[in-house]
Amino acid sequence: MDTMGRRIAFYRKKAGFTQEDLAEKCSVTPQAVSKWENDICMPDIAQIPVLAGLFDITCDELFGVERQTNRQPVDSSGLCVALRAESSEGDSVDLHLPFETALAMLTTKFIDKTKFINFDGRNPFSDINLEKIISMANAGAIGKILEAESSEGDHVSVVLYRP
């Protein structure tokens with residue numbers, strides 16, 4: 001996959017989208033997607049993060065940038081994960097875990113996030129990819145790495161920190 005157009009076509013097909021599906025999600029015409037994939041033109045720079053998000057890849061991957069394989073492992077000892085969930089009704093939950101504990105819970109399937117259902121029957125964790133958060137921690141991310149608010153006013157944030 002040596003061109004942007006070939007990468008867009010590859011990732012679109014891998015995601016199971018038709019050109020029409022992708023066009024609709026990007027608010028462009030199917031002809032624009034066809035032109036991208038045939039290397040006639042490139043997507044607008046504002047479309048790059050949208051495309052990467054739809055394909056669940058990084059912008060670097062979309063551009064064809066190879067990952068560095070010689071990165072040093074990050075020392076996760078002492079790293080903590082803070083999760084704060086606030087409902088629109090004013091209820092809140094704070095959870096602080098050592099990184100190793102959160103990692104062990106996720107890798108052993110100790111937590112079944114499908115079991116967390118709030119009062120109105122919604123799962124507040126359904127759109128949070130905890131594995132991605134752990135991956136970010138392993139890559140050395142520190143600080144607020146996720147902040148989300150639902151249309152109902154519920155709020156979730158995740159922070160990686162060293163106490």
Side-chain angles (χ1 to χ4, degrees), residues 1-74 76 79 81-85 88 99 102-103 105-118 120-160:
M1 295 187 299
D2 56 356
T3 69
M4 173 70 86
R6 288 184 184 160
R7 285 187 294 277
I8 290 172
F10 171 81
Y11 289 120
R12 173 185 60 78
K13 291 172 188 173
K14 185 176 178 184
F17 298 140
T18 64
Q19 285 185 340
E20 291 77 16
D21 295 334
L22 186 59
E24 183 179 321
K25 292 177 184 305
C26 293
S27 300
V28 298
T29 65
Q31 292 81 5
V33 173
S34 177
K35 287 180 181 181
W36 297 344
E37 292 183 358
N38 288 300
D39 293 308
I40 295 170
C41 67
M42 298 276 286
D44 184 87
I45 193 70
Q47 291 290 348
I48 299 301
V50 173
L51 289 167
L54 289 169
F55 300 149
D56 196 27
I57 60 173
T58 65
C59 292
D60 282 351
E61 289 171 298
L62 187 59
F63 278 116
V65 176
E66 304 236 354
R67 289 188 164 201
Q68 298 289 336
T69 57
N70 59 351
R71 288 187 63 175
Q72 297 296 320
V74 174
S76 62
L79 187 64
V81 179
L83 173 76
R84 179 168 182 85
S88 57
F99 175 76
L103 180 62
M105 291 169 70
L106 289 173
T107 57
T108 61
K109 306 293 183 198
F110 181 74
I111 294 179
D112 180 1
K113 58 185 180 177
T114 63
K115 302 291 185 199
F116 290 94
I117 304 297
N118 62 15
D120 60 2
R122 290 179 297 114
N123 181 341
F125 297 106
S126 62
D127 294 330
I128 298 174
N129 185 336
L130 294 175
E131 290 80 7
K132 192 123 191 162
I133 291 169
I134 297 302
S135 173
M136 291 177 73
N138 282 329
I142 296 287
K144 188 179 287 187
I145 61 169
L146 174 99
E147 186 164 23
E149 186 168 338
S150 73
S151 59
E152 291 84 17
D154 299 328
H155 183 264
V156 174
S157 64
V158 176
V159 177
L160 296 174

If I take atom SG from residue Cys41 and atom NZ from residue Lys35, how far apart are they, to the nearest 0.5 angstrom?
6.0 Å

To the nearest 0.5 angstrom, please state how far the OG1 atom of Thr29 sits from the CD atom of Glu20.
10.0 Å

Does Arg6 come within less than 4.0 Å of Asp2, counting only side-chain N to carboxylate O?
yes

Is Leu22 close to Leu51 at the side-chain level, that is, under 4.5 Å between some pair of heavy atoms?
yes

Give me the atom names and distance for the closest heavy-atom approach of Cys59 to Ala52.
N-CB, 3.9 Å

Keeping the roles fixed (side chain from Arg84, backbone from Ser157), state whether a donor-acceptor pair exists under 3.5 Å.
no

Count the heavy atoms belonging to other residues, nucleotides or ligands that lie under 6.0 Å from CD of Glu24, then report whether that count exceeds 12.
no

Atom pair OG1 (Thr18) and CZ (Arg12), whose distance is rounded to the nearest 0.5 Å:
7.0 Å

Below 4.5 Å, heavy atoms only, C-beta onward: do Val50 and Pro43 meet side chain to side chain?
no

Spatial distance of atom CG (Asp56) from atom NZ (Lys14) [nearest 0.5 Å]:
9.0 Å

How close do Leu54 and Cys26 get, counting heavy atoms only, and between which atoms?
CD1-SG, 3.8 Å

Closest non-hydrogen atom pair, Ala23 against Pro30
CB-N, 3.5 Å

Is any side-chain heavy atom of Ile48 closer than 4.5 Å to a side-chain heavy atom of Met4?
yes

Which heavy atom of Val28 sits nearest to which heavy atom of Trp36, and what is that distance?
CG2-CH2, 3.9 Å

Donor-acceptor pair, Asp44 side chain versus Ala46 backbone, under 3.5 Å?
yes

For the pair Tyr11 and Phe17, evaluate side chain to side chain contact (heavy atoms under 4.5 Å, CB included) and give the outcome as yes or no after the intermediate values.
CA-CA 9 Å; Tyr11 289 120; Phe17 298 140; over 6 Å; no

Flag, side chain of Glu61 to backbone of Thr58, donor-acceptor distance under 3.5 Å
yes

If only atom types and distance count, is the side chain of Asp60 paired as donor or acceptor with the main-chain N or O of Val65 below 3.5 Å?
no

